[in-house]
Protein chains: 2
Amino acid sequence: MHDLIRQAEALCQRSGMAFTAPRRRVLEILAASETPMKAYDLISKAGEGGQATKPPTVYRALDFLCQLGLVHRIEQDATFVACNHAGHSHPMALFVCNTCLKATEVAYDEVVPILEKAAEVQGFHLTRLVVEGRGQCRDCALAA
Amino acid sequence: MHDLIRQAEALCQRSGMAFTAPRRRVLEILAASETPMKAYDLISKAGEGGQATKPPTVYRALDFLCQLGLVHRIEQDATFVACNHAGHSHPMALFVCNTCLKATEVAYDEVVPILEKAAEVQGFHLTRLVVEGRGQCRDCALAA
DNA sequence: CCTAGTATGTTATTACATAACACTACCTAC
DNA sequence: GTAGGTAGTGTTATGTAATAACATACTAGG
């Protein structure tokens, strides 16, 4: 799991950005979590042990990590998850299991041009795309 | 614009659901709005004139209208928009213009099987799909 | 040094959403 | 017709998500 932290360090170094304590802390917590986390769970977790951590600190760290593609925000339910495929920035869909709540990342490169074309027909030029889903993951399907 | 209201009435009648006053009110306000609305703008708008309207009333109406497909929730920014293509339930992507904030609905039937297949490869069975975008609409592109 | 840029700390507030319970209207089975 | 269920609304209170605004600290370049 500490691969992610090392990747983050490297990524920041290359782009001349600071991988500061709160950013590291937030990423560590997310990387250790099996499931996507809500912001306020993250805030209280980050505050455990050391000094109290306030919302802006965590939200700023999250913004930073999201921009780097190390963390994704799941719009459906306002949760955050560490990215398994850090570094590169493939378009990735996030599918969340209704049972175990784990998130699965799925590449959707194929559909991007289709959606872009469908939008363009109506004169709409896409700059950002959000693809998310809900359903049942393999493990939970087998368990049932 | 009152087409939508009439459609809603018909739809409710057919399914034996009540198209009550708060539901009608919320739908009217959304139908009259050029752009998607935030929940609390809706709440204060609904409260204008008559009696005060509280959050639960509006949220309940929104849940109801969303289930019927008469209204869509835009997850990216927690706004709500009346559906232009009411009644049927095609999968529809919502693309929001960064400039004028209007929402454009785009059918994405084609991409559903692709995403389903991509998910299935990882053993994930999709039950719900959210596709949203940001960008620039035709009018704003021409104006620029 | 000192100052411009970047990031964090802190307080307060705004915005989004729902839990819980009381009440009403309507319908239907007896 | 009346008891009891169902569906919906009204109301209070609270929980949860996110940011504004301003003060403070760290660091690199002149």
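Every chain is numbered from 1, with letters handed out A, B, ... down the list of sequences. Please read all numbers here as calculations on a predicted model, not as lab measurements.
Atom CD of A:Gln76 is separated from atom P of C:dC16 by 19 Å (rounded to the nearest Å). A straight line from NZ of A:Lys54 to P of D:dT24 spans 14 Å, rounded to a whole angstrom. Spacing between atom CG of A:Asp77 and atom P of D:dG15 amounts to 21 Å, rounded to whole angstrom units. Atoms CD (B:Glu75) and P (D:dA18) sit 12 Å apart, rounded to a whole Å. Across the protein-nucleic acid pair, A:Arg25 atom CZ and C:dT8 atom C1' stand 16 Å apart, rounded to whole Å. When the P atom of D:dA13 is taken as reference, atom OH of B:Tyr59 falls 19 Å away, rounded to whole Å.
Under the 3.5 Å distance criterion, the side-chain polar atoms of A:Thr127 are matched with a main-chain donor or acceptor of B:Arg134. Although no hydrogens or angles enter the test, the distance criterion places a donor-acceptor pair under 3.5 Å between the side chain of A:Glu132 and the main chain of A:Gln76. When atom types are taken as modelled, the side chain of B:Ser33 and the backbone of B:Ile29 share no donor-acceptor pair closer than 3.5 angstrom.
Across the interface with DNA chain C, nearest-nucleotide mapping of B:Pro56 and A:Ala61 shows A:Ala61 to be the residue nearer the 5′ end. Of the residues near DNA chain D, B:Phe64 and A:Pro55, the one whose nearest nucleotide (by heavy atom distance) lies more toward the 5' end is B:Phe64.
A salt bridge does not link B:Asp63 with B:Arg60: every distance from a Lys NZ or Arg NE/NH1/NH2 to an Asp or Glu carboxylate oxygen is 4.0 Å or more.
OP1 or OP2 of D:dT9 has at least one side-chain nitrogen or oxygen of B:Thr20 nearer than 4.0 Å. The phosphate of D:dT16 (OP1 or OP2) has no side-chain N or O of A:Lys38 nearer than 4.0 angstrom. Put simply, A:Thr57 has no side-chain N or O that comes within less than 4.0 Å of OP1 or OP2 on C:dT8.
Within 6.0 Å of CD on A:Glu9 lie more than 12 heavy atoms contributed by other residues, nucleotides or ligands.
Here the nucleotide nearest the side chain of A:Phe80, chosen from D:dA18, D:dG8, C:dA7, is D:dA18. In this structure, of D:dG8, D:dA17, C:dG9, it is C:dG9 that holds the atom nearest to the side chain of A:Arg60.
Heavy atoms of A:Arg23 sit under 4.0 angstrom from primed sugar atoms or phosphate atoms, though from no base atom. Among the protein residues, A:Pro22 comes within range of the sugar-phosphate backbone only, with heavy atoms under 4.0 Å from sugar or phosphate atoms but none that close to a base.
Aromatic stacking is marked for B:Tyr40 over C:dC16, as both cut-offs hold: 5.5 Å for the centres and 30° for the planes.
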